[in-house]
Amino acid sequence: MLGDKNVMADIAVKDLQAAKDFYVGKLGLKLNKENEYEVLLNSGTTLVHVYKSEFAGTNKATTCTFISDNVEGDVDELKAMGIKFEHYELPGVTMMGDVHVMGDEKAAWFKDPDGNTLCVGSPNF
């Protein structure tokens with residue numbers, strides 16, 4: 001039933017302006033619409049809905065993954081924008097700088113201003 005529907009990422013934040021500055025200014029997402037409670041952004045052909053919530057940053061898992069064919073290059077660009085990357089010790093995973101390598105899959109995790117965990121990762125899983 002839902003298999004032919006598009007999916008939108010929802011990201012809760014406390015400070016909407018700081019989130020907008022981060023997602024648009026640092027990550028390069030495109031502003032679609034906004035009001036005082038939420039911002040709708042475009043990332044490639046998908047939508048990212050950033051909204052104010054008292055529960056922002058409480059999710060301990062990955063909030064969304066930006067699919068990349070060049071994880072290392074994207075990590076370098078994000079680092080140049082001041083983004084700091086998380087390092088996790090995971091079974092069967094090796095590190096190449098800030099990139100976690102799991103066979104053909106590569107991933108690098110970072111946080112937004114509210115502590116939401118984001119990922120840039122390869123589509124090879």
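Computed from a predicted structure; not experimentally measured. Counting begins at 1 with the first residue of the sequence.
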Among all residues two or more places apart in sequence or in another chain, which pass the side-chain contact (heavy atoms from CB on, under 4.5 Å) test with [X]?
| X | value |
| --- | --- |
| Asn35 | Tyr37, Glu38 |
| Lys33 | Leu40 |
| Lys79 | Val75, Phe85, Asp98 |

Quick one: [atom1] on [X] to [atom2] on [Y], what's the gap to the nearest 0.5 Å?
| X | Y | atom1 | atom2 | result |
| --- | --- | --- | --- | --- |
| Asn32 | Leu41 | CG | CG | 8.0 Å |
| Leu29 | Phe22 | CG | CZ | 9.5 Å |
| Asn59 | Asp114 | CG | CG | 12.5 Å |
| Glu34 | Leu16 | CD | CG | 7.5 Å |
| Asp112 | Leu118 | CG | CG | 5.0 Å |

With [X] via side-chain hydrogen bond (donor to acceptor under 3.5 Å, both in side chains) - residues at least two apart:
| X | answer |
| --- | --- |
| Thr65 | none |
| Gln17 | Asp21 |
| Ser43 | none |

Could you report the tightest heavy-atom contact between [X] and [Y], atom names first, then the distance?
| X | Y | result |
| --- | --- | --- |
| Ile67 | Pro123 | CG2-CB, 3.7 Å |
| Ala61 | Thr117 | O-CB, 3.8 Å |
| Pro113 | Ala18 | CG-O, 4.1 Å |

* With sequence neighbours excluded, residues passing salt bridge (Lys or Arg N to Asp or Glu O under 4.0 Å) with Glu77 ->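 In terms of salt bridge (Lys or Arg N to Asp or Glu O under 4.0 Å), with neighbours along the sequence ignored, Glu77 is linked to no residue.
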* **Partners passing salt bridge (Lys or Arg N to Asp or Glu O under 4.0 Å) against Glu86 (at least two apart in sequence or in another chain)** => none
* Residue pairs, two or more places apart or on separate chains, that pass salt bridge (charged side-chain N to carboxylate O under 4.0 Å, His left out) and touch residues 40-66 -> none
* To do: Determine whether the side chains of Lys106 and Ser122 contain a donor N or O and an acceptor N or O closer than 3.5 Å.
  => no
* To do: Examine the side chains of Asp74 and Asn70 and answer whether a donor and an acceptor come within less than 3.5 Å of each other.
  => no
* Among the clusters formed by ILVMFWY side chains lying less than 4.5 Å apart, do Leu47 and Leu27 turn up in the same one? ->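 Unlinked, Leu47 and Leu27 end up in two clusters.
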* Asked: Under the ring-ring contact (aromatic ring centres under 6.0 Å, His included) rule, what pairs show up with a residue in residues 51-76, not counting sequence neighbours?
  ->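 ring-ring contact (aromatic ring centres under 6.0 Å, His included) check on residues 51-76 returns His49-Tyr51.
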* Asked: Do Leu31 and Val39 have side chains that get closer than 4.5 Å, going by heavy atoms?
  -> yes
* Just wondering, do Thr63 and Asp10 contact through their side chains at under 4.5 Å, heavy atoms? -> no
* Asked: Apart from Leu90 itself, which Ile, Leu, Val, Met, Phe, Trp or Tyr residues share its cluster (side-chain heavy atoms under 4.5 Å, direct or through members)?
  ->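 Members alongside Leu90: Tyr88, Val93, Met102, Trp109.
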* Linking Ile, Leu, Val, Met, Phe, Trp and Tyr through side-chain heavy atoms less than 4.5 Å apart, which residues share a cluster with Val7? ->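 Members other than Val7 - counting any ILVMFWY side chain reachable under 4.5 Å - there are none.
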* Asked: Is the backbone N or O of Met81 less than 3.5 Å from a side-chain atom of Lys26, with the two atoms forming a donor-acceptor pair by type?
  -> yes
